[in-house]
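Have a look at the structure below, then the notes.
All of these numbers come straight from a predicted model, not from anything done at the bench. When a ligand or atom number is given, it counts from 1 through the structure's own listing order.
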Amino acid sequence: MRGSTIAGIGHYVPERVMKNAELEQYVDTTDEWIVTRTGIRERRIAAPEQASSDLGLEAAKEAMAHAGVTPDDIDLIIVGTATPDMLFPATACILQDRLGARKAGAFDLSAACSSWVYGIAVAHGYVSSGLANTVLVVGAETLSKITNWKDRGTCVLFGDSAGAAVIRPCDPGQGFLSFYLGADGAGGPLIILPAGGSRLPASYETIERGQHYLQMNGREVYKFAVRMIPRAIQEAVDRAGLGIADVDLFIPHQANIRIIDAAAERLGQPREKFYVNVDRYGNTSSASVPVALYEAVKAGRLHRGDVTVLLAFGGGLTWASCALRWTK
Ligand code: ACO
């Protein structure tokens with residue numbers, strides 16, 4: 001089997017910045033509560049006419065330019081999203097058309113906040129086995145569209161953005177070194193959008209009950225994340241045949257600064273080795289890890305040959321980690 005790696009990366013964040021002070025107008029909360037409990041100071045909010053594919057398109061174009069590939073080069077497009085433009089057609093098919101990637105297969109991947117890391121694992125499988133040469137993996141979210149702006153337990157946490165990567169072949173031992181994917185379906189009710197599917201089709205009643213909005217048991221998800229993250233990071237490191245000290249930079253899902261701090265402490269790693277941008281974007285679900293990776297690269301925090309561990313967790317419950325030797 002050949003190796004696979006990230007040949008190019010891109011991102012997009014909407015222009016509109018929503019600071020915590022604005023949320024004080026909608027729900028009974030304060031800037032101080034949000035900052036101390038979550039680390040979030042502001043988030044980006046998509047314009048009313050912007051859907052997830054609009055954000056994903058910009059991220060995809062940047063990733064393709066960075067990788068030096070054309071639409072004709074792309075064999076497969078995977079979009080990780082919890083907020084597709086619609087139930088079907090897949091947001092990946094909408095992107096395939098708008099990019100003009102006529103030779104590409106396209107599908108969406110649904111693993112909530114873990115979708116993008118799940119997606120790069122799938123892309124690695126395709127590229128390393130020779131089934132594909134060039135795979136575009138996009139994480140695109142407009143969580144503001146499924147947020148109940150009257151629920152202070154959730155509306156302060158989320159934001160909108162998109163990240164994308166182009167996965168291409170590389171020498172074995174370079175690029176992706178390991179993957180670890182996990183799920184616990186019994187925890188599904190902890191983060192849920194109940195209505196609009198086949199179990200509870202949209203109706204006046206579901207709208208009245210607010211069942212087309214994301215609902216979350218924050219405290220239980222917090223406990224799950226703190227327990228699981230160190231285990232998932234260690235698993236990716238072990239499977240790569242490395243030690244935790246060999247990792248130059250950790251790129252965790254940006255959900256809550258206290259969750260990241262707890263993971264650093266449990267792993268006995270300095271907090272500076274964890275990239276953080278939750279203060280500026282909040283939790284952007286599947287876009288969170290690729291946007292953080294993009295920023296870390298642009299900020300010069302990751303150099304050719306460095307090892308990074310990507311870590312995502314979210315609804316499902318799902319989690320995913322991977323060790324990556326940066327080759328760009
Ligand atoms: N402002 C003020 N008070 C609030 C707010 C708010 N925005 N939200 C909750 N509170 C109150 C609660 O009502 C509660 O009051 P009470 O004690 O009178 O009942 C108190 O603050 C403490 O509530 P907790 O839920 O215990 O607060 P906690 O410290 O756990 O923080 C939070 C809540 C931020 C949601 C945290 O639990 C968390 O980050 N959980 C993880 C969420 C997450 O990571 N989700 C990722 C997956 S999302 C996906 O997949 C799409």
Considering [options] one by one, which has a heavy atom nearer to [atom] than any of the others?
{"atom": "atom 33 (C) of ligand 1", "options": "Phe158, Phe313, Trp33", "value": "Trp33"}
{"atom": "atom 35 (C) of ligand 1", "options": "Leu190, Thr38, Leu157, Thr83", "value": "Leu157"}
{"atom": "atom 30 (O) of ligand 1", "options": "Arg219, His253, Lys223", "value": "Arg219"}
{"atom": "atom 39 (O) of ligand 1", "options": "Asn283, Val278, Asn256", "value": "Asn256"}
{"atom": "atom 41 (C) of ligand 1", "options": "Gly218, Ser114, Ser288", "value": "Gly218"}

Shortest protein heavy-atom distance from [atom], along with the residue and atom involved:
{"atom": "atom 44 (O) of ligand 1", "value": "Ala255 CB, 3.3 Å"}
{"atom": "atom 28 (P) of ligand 1", "value": "Arg37 NH1, 3.5 Å"}
{"atom": "atom 45 (N) of ligand 1", "value": "Met216 SD, 3.5 Å"}
{"atom": "atom 47 (C) of ligand 1", "value": "Ile191 CD1, 3.5 Å"}
{"atom": "atom 43 (C) of ligand 1", "value": "Val221 CG1, 3.6 Å"}
{"atom": "atom 51 (C) of ligand 1", "value": "Cys113 SG, 3.3 Å"}
{"atom": "atom 11 (C) of ligand 1", "value": "Arg152 NH2, 3.7 Å"}

Ion pair present between [X] and [Y], side-chain N to carboxylate O less than 4.0 angstrom?
{"X": "Arg102", "Y": "Asp97", "result": "yes"}
{"X": "Arg280", "Y": "Glu295", "result": "yes"}
{"X": "Asp306", "Y": "Arg325", "result": "no"}
{"X": "Glu235", "Y": "Arg231", "result": "no"}
{"X": "Asp171", "Y": "Arg2", "result": "no"}
{"X": "Arg16", "Y": "Glu22", "result": "yes"}

Exercise. On the 0 to 90° scale, with breaks at 30° and 60°, tag the Phe250-Phe274 ring pair as parallel, tilted or perpendicular.
Key: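 Correct class here is parallel.
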Practice problem: Please report the C-alpha distance between Glu141 and Thr284 in whole Å, then the side-chain angles of each, then the deciding distance to 0.1 Å, and finally whether the side-chain hydrogen bond (donor to acceptor under 3.5 Å, both in side chains) criterion is met. | Solution: CA-CA 6 Å; Glu141 301 282 12; Thr284 63; over 6 Å; no
Quiz item: With atoms numbered from 1 as shown, which atoms in ligand 1 lie under 4.0 angstrom from a non-hydrogen atom of Gly315?
Solution: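 Those qualifying, in numeric order: 50 (O).
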Quiz item: Which atoms of ligand 1 are found less than 4.0 Å from any heavy atom of Val156?
Solution: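 Once the distances to Val156 are compared, the set is 7 (N).
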Quiz item: Contact between Ile259 and ligand 1, counting heavy atoms under 4.0 Å?
Solution: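 Yes, Ile259 has heavy atoms under 4.0 Å from ligand 1.
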What do we get for [X] next to ligand 1 when only non-hydrogen atoms under 4.0 Å count, side chain, backbone, both or neither?
{"X": "Thr29", "result": "both"}
{"X": "Ile34", "result": "neither"}
{"X": "Tyr222", "result": "both"}

Any protein heavy-atom neighbour for [atom] (distance below 4.0 angstrom)?
{"atom": "atom 17 (O) of ligand 1", "value": "no"}
{"atom": "atom 4 (C) of ligand 1", "value": "yes"}
{"atom": "atom 20 (C) of ligand 1", "value": "no"}

Exercise. Before signing off on this row, confirm whether Arg258 and ligand 1 have an N or O atom pair separated by under 3.5 Å.
Key: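 There is such a contact, yes.
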Quiz item: Leu143 to ligand 1: N or O pair under 3.5 Å?
Solution: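 Leu143 vs ligand 1: no N/O contact under 3.5 Å.
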Distance-only donor-acceptor hits, side chain of residues 200-207, under 3.5 Å, sequence neighbours excluded:
from   : atom 1 : to     : atom 2 : distance (Å)
Ser203 : OG     : Glu205 : N      : 3.3
Ser203 : OG     : Glu205 : OE1    : 3.2
Ser203 : OG     : Thr206 : N      : 3.2
Thr206 : OG1    : Ser203 : N      : 2.8
Thr206 : OG1    : Ser203 : O      : 2.9

Quiz item: Is there a side-chain contact (heavy atoms from CB on, under 4.5 Å) between Leu190 and Met216 once you walk through the steps?
Solution: CA-CA 5 Å; Leu190 296 180; Met216 183 174 70; over 6 Å; no
Quiz prompt | Partner of Ser4 under side-chain contact (heavy atoms from CB on, under 4.5 Å), chosen from Asn133, Ile167, Ile120 | solution =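 Going through the options one by one, the only one that passes is Ile167.
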Self-check item: ring-ring contact (aromatic ring centres under 6.0 Å, His included) involving Phe179 - partner list, sequence neighbours excluded
Solution: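 ring-ring contact (aromatic ring centres under 6.0 Å, His included) list for Phe179, sorted by chain: His124, Phe176.
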Self-check item: Student check: side-chain heavy atoms of Ile244 and Gln269 closer than 4.5 Å
Solution: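 Yes. Closest side-chain heavy atoms under 4.5 Å.
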Practice problem: Given side-chain hydrogen bond (donor to acceptor under 3.5 Å, both in side chains), test Gln254 with Tyr275 step by step and report yes or no. | Solution: CA-CA 9 Å; Gln254 307 286 317; Tyr275 188 80; over 6 Å; no
